Amino acid sequence: MEILQIEGGRRLEGEILISGAKNAALPLMIASLLTDEELVIENVPDLSDVRQLVEILANHGVDIVTTAHTANLSNISAGSSLHLKSDKVNNLHAPANLVAKMRASFWVIAPLIARFGYAKVALPGGCEIGSRPVDFLLDGLRALGAKINIEDGYVLAEAAKGLTGADYHFPNITVGGTHVMLMAASLAQGETRLYNAACEPEIVNLANLLIKMGANIEGAGTPQIIIKGVKKLHGSQIATIADRIEAGTYAMAVAMAGGKVLLRGADINHLPCVEQILQACGVGINAVPEGILVERLADRLSAVDISTEGYPGFPTDLQAQFMALMTTAIGKSIIKENIFENRYMHVEELKKFGANIEVNAQEAVVTGVDRLHAADVLATDLRASASLIMAGLVADGITTIGNLHHLDRGFAQLEAKLQACGAKITRLNK
Ligand code: EPZ
């Protein structure tokens with residue numbers, strides 16, 4: 001098994017190149033199924049989830065050529081350019097064994113039903129952080145006239161005469177549901193109005209691509225989006241936005257370990273709530289022309305409460321990392337996870353470092369301690385793996401972290417990026 005070994009106690013100084021956003025690249029790639037012309041997507045991150053989606057799209061018959069780039073003066077990946085062409089799609093079936101490996105691949109149902117009038121896609125099922133139902137996604141497609149049946153774990157979607165624009169009110173905010181409805185409604189006949197839509201920057205990235213492909217979309221990034229369907233979408237090109245979750249993660253790592261780091265390419269406008277919270281903790285976090293400059297100002301950080309919400313609130317994907325940060329802050333931090341029902345699995349692992357954390361229902365109370373000690377821990381899910389690495393960066397002694405497949409889904413070249421800033425972190429085979 002591969003493990004990470006970290007020697008704690010070293011400050012982070014230098015710069016980290018922030019990769020393209022996983023949660024933007026995935027829907028951008030899926031949008032290639034909407035047209036028979038070539039899409040070019042730049043700044044695609046080098047992640048296992050992306051490689052998995054390439055395999056899933058190829059299974060549908062999408063031609064994909066990947067050109068990798070490296071950043072100058074270092075061996076850090078500067079992401080890839082993906083050339084995707086769906087003029088020879090010969091399979092409208094997404095099998096369980098592929099969808100199960102990367103849940104967001106379920107979103108292919110939207111372009112398949114919108115462009116081809118038929119899709120058979122395995123239900124994605126739950127994951128470590130929750131049951132992850134797709135009921136709102138299916139209700140939205142029904143609102144556009146799709147006939148939806150569920151048989152033996154598969155969703156059979158049909159719209160022989162194409163989709164028809166309609167109004168749809170999301171019962172709860174859903175990022176995937178908003179992506180799905182944007183893609184499906186772009187090729188529907190007539191107008192679709194979405195209410196209570198997700199506002200994440202990744203939604204805007206997808207909408208901007210669809211508009212460049214000829215779609216007629218207004219309001220992306222706000223809760224109300226109007227899509228006037230068009231007959232056909234053409235090829236285009238777009239760059240994946242920088243990964244705000246990766247940037248927020250490294251900002252918290254610097255805040256925890258101490259030091260000063262430039263997060264090259266990061267956009268502070270995509271982290272409004274995180275910027276305020278970290279400043280309140282005693283962290284210097286400021287926009288600079290090259291990205292975001294982060295510096296730990298106070299000797300010890302102050303505890304601050306957070307409650308996770310949809311964008312522009314505090315992101316659920318940074319909750320575990322913030323919890324790690326609070327383990328050595330002064331005072332008590334109350335952390336409320338409102339998006340997923342089981343996103344505290346990092347708590348038991350963080351307690352192995354000597355952290356003082358009490359969980360009752362959806363609330364965790366972190367009481368800061370002076371020091372953490374090294375531990376041997378196992379990652380439980382993607383973002384939790386980063387919280388354990390942060391603890392290892394400050395813990396006294398040598399920490400080991402296993403189950404790295406979780407980490408490799410969402411953080412490109414994490415060790416190399418931290419090593420370049422002075423961390424003693426290595427990946428070993430045990
Ligand atoms: C996206 O997941 C992200 N994944 C998640 O990031 C992120 O945590 C989440 O949005 C929230 O921001 C990608 O973009 C690939 P939702 P998604 O639909 O779209 C419930 C990471 O670490 N819900 O916004 O699946 C759902 O169970 C991942 O990169 C329904 O009940 O999330 C959850 O409790 C983790 N019915 C809440 O809504 C539905 O039909 C928000 O889910 C859909 C969702």
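Ligands are counted one by one from 1 in listed order, and the atoms in each one are counted from 1 as well. Please read these numbers as outputs of a predicted model, since none were measured by experiment.
- Shown here for I203 and V175, the closest heavy-atom pair between the two residues is CD1-O, 3.7 Å.
- No close placement of the F136 and Y168 rings is indicated, their centers lying 6.0 Å or farther apart.
- With respect to atom 18 (O) of ligand 1, the closest heavy atom belonging to the protein is T174 OG1, 2.7 Å.
- Residue contacts with ligand 1 for E202 are absent, since no atom lies close enough (heavy atoms, distance under 4.0 Å).
- Within the 4.0 Å heavy-atom criterion, neither part of F106 lies near ligand 1.
- Residues passing the side-chain hydrogen bond (donor to acceptor under 3.5 Å, both in side chains) test with N269 are D267, sequence neighbours excluded.
- Put simply, CZ on R427 and CD on E415 are 4.0 Å apart, with the number rounded to the nearest 0.5 Å.
- Looking from atom 40 (O) of ligand 1 to the surrounding protein, the closest heavy atom is F136 N, 2.7 Å.
- In this pair, W107 and H179 present their aromatic rings tilted. The plane angle is within the 30 to 60° band.
- Considering backbone and side-chain atoms together, T316 places no N or O closer than 3.5 Å to any N or O of ligand 1.
- For ligand 1, the polar-atom distance check against A104 finds no nitrogen or oxygen pair separated by under 3.5 Å.
- Using a distance-only test at 3.5 Å, with no hydrogens or angles considered, no donor-acceptor pair links the side chain of S80 to the main chain of L82.
- Side-chain atoms of T192 and K228 include no donor-acceptor pair closer than 3.5 Å.
- Between Y311, F340, F170, it is F340 that holds the heavy atom closest to atom 42 (O) of ligand 1.
- Looking only at protein heavy atoms, the nearest one to atom 5 (C) of ligand 1 is D317 OD2, 3.8 Å.
- Checked by distance only, ligand 1 and R383 come closer than 3.5 Å through their nitrogen or oxygen atoms.
- The closest side-chain donor-acceptor pair between T380 and N403, if any, does not fall under 3.5 angstrom.
- Residue, atom and distance of the protein heavy atom nearest to atom 43 (C) of ligand 1 are P133 O, 3.3 Å.
- Counting only heavy atoms, the protein never gets under 4.0 Å from atom 20 (C) of ligand 1.
- Remark: the E337 side chain and the Q319 side chain contain an N/O donor-acceptor pair separated by less than 3.5 Å.
- Here is the list of ligand 1 atoms found below 4.0 Å of a heavy atom in R343: 8 (O), 22 (O), 35 (C).
- Of all the atoms in ligand 1, the ones that sit under 4.0 Å from a non-hydrogen atom of W107 are 13 (C), 14 (O), 15 (C), 19 (O).
- In terms of N/O distances under 3.5 Å, ligand 1 is not approached by I129.
- Contact annotation: for R132 versus ligand 1, heavy atoms closer than 4.0 Å belong to both the backbone and the side chain.
- Looking only at side-chain heavy atoms (C-beta outward), I129 and I339 stay at 4.5 Å or farther from each other.
- Looking at E337 against ligand 1, nothing comes within 4.0 Å, counting heavy atoms.
- Among D139, L137, V175, the residue whose heavy atom sits closest to atom 24 (O) of ligand 1 is V175.
- The shortest distance between side-chain heavy atoms of L4 and T426 does not fall below 4.5 Å.
- Taking each heavy atom of R51 and D46 in turn, the nearest pair found is NH1-OD1, 2.6 Å.
- Both the backbone and the side chain of D135 come within 4.0 Å of ligand 1, judged by heavy-atom distances.
- In this structure K352 satisfies the side-chain hydrogen bond (donor to acceptor under 3.5 Å, both in side chains) test together with E349, sequence neighbours excluded.
- Close approach to G176 involves these atoms of ligand 1, each under 4.0 Å from a residue heavy atom: 18 (O), 19 (O).
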Under the side-chain hydrogen bond (donor to acceptor under 3.5 Å, both in side chains) criterion, do N205 and T240 qualify, and how do the steps go? CA-CA 7 Å; N205 204 186; T240 310; 5.3 Å; no

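- For atom 3 (C) of ligand 1, the nearest non-hydrogen atom of the protein is N23 ND2, 3.7 Å.
- Each of the atoms 39 (C), 40 (O) of ligand 1 lies under 4.0 Å from some heavy atom of V134.
- Ranking the protein heavy atoms by distance from atom 38 (O) of ligand 1 puts I173 O, 4.1 Å first.
- Of all atoms in ligand 1, listed by their number and element, those nearer than 4.0 Å to a heavy atom of K22 are 21 (C), 29 (O).
- Closest protein heavy atom to atom 34 (O) of ligand 1: I339 O, 2.5 Å.
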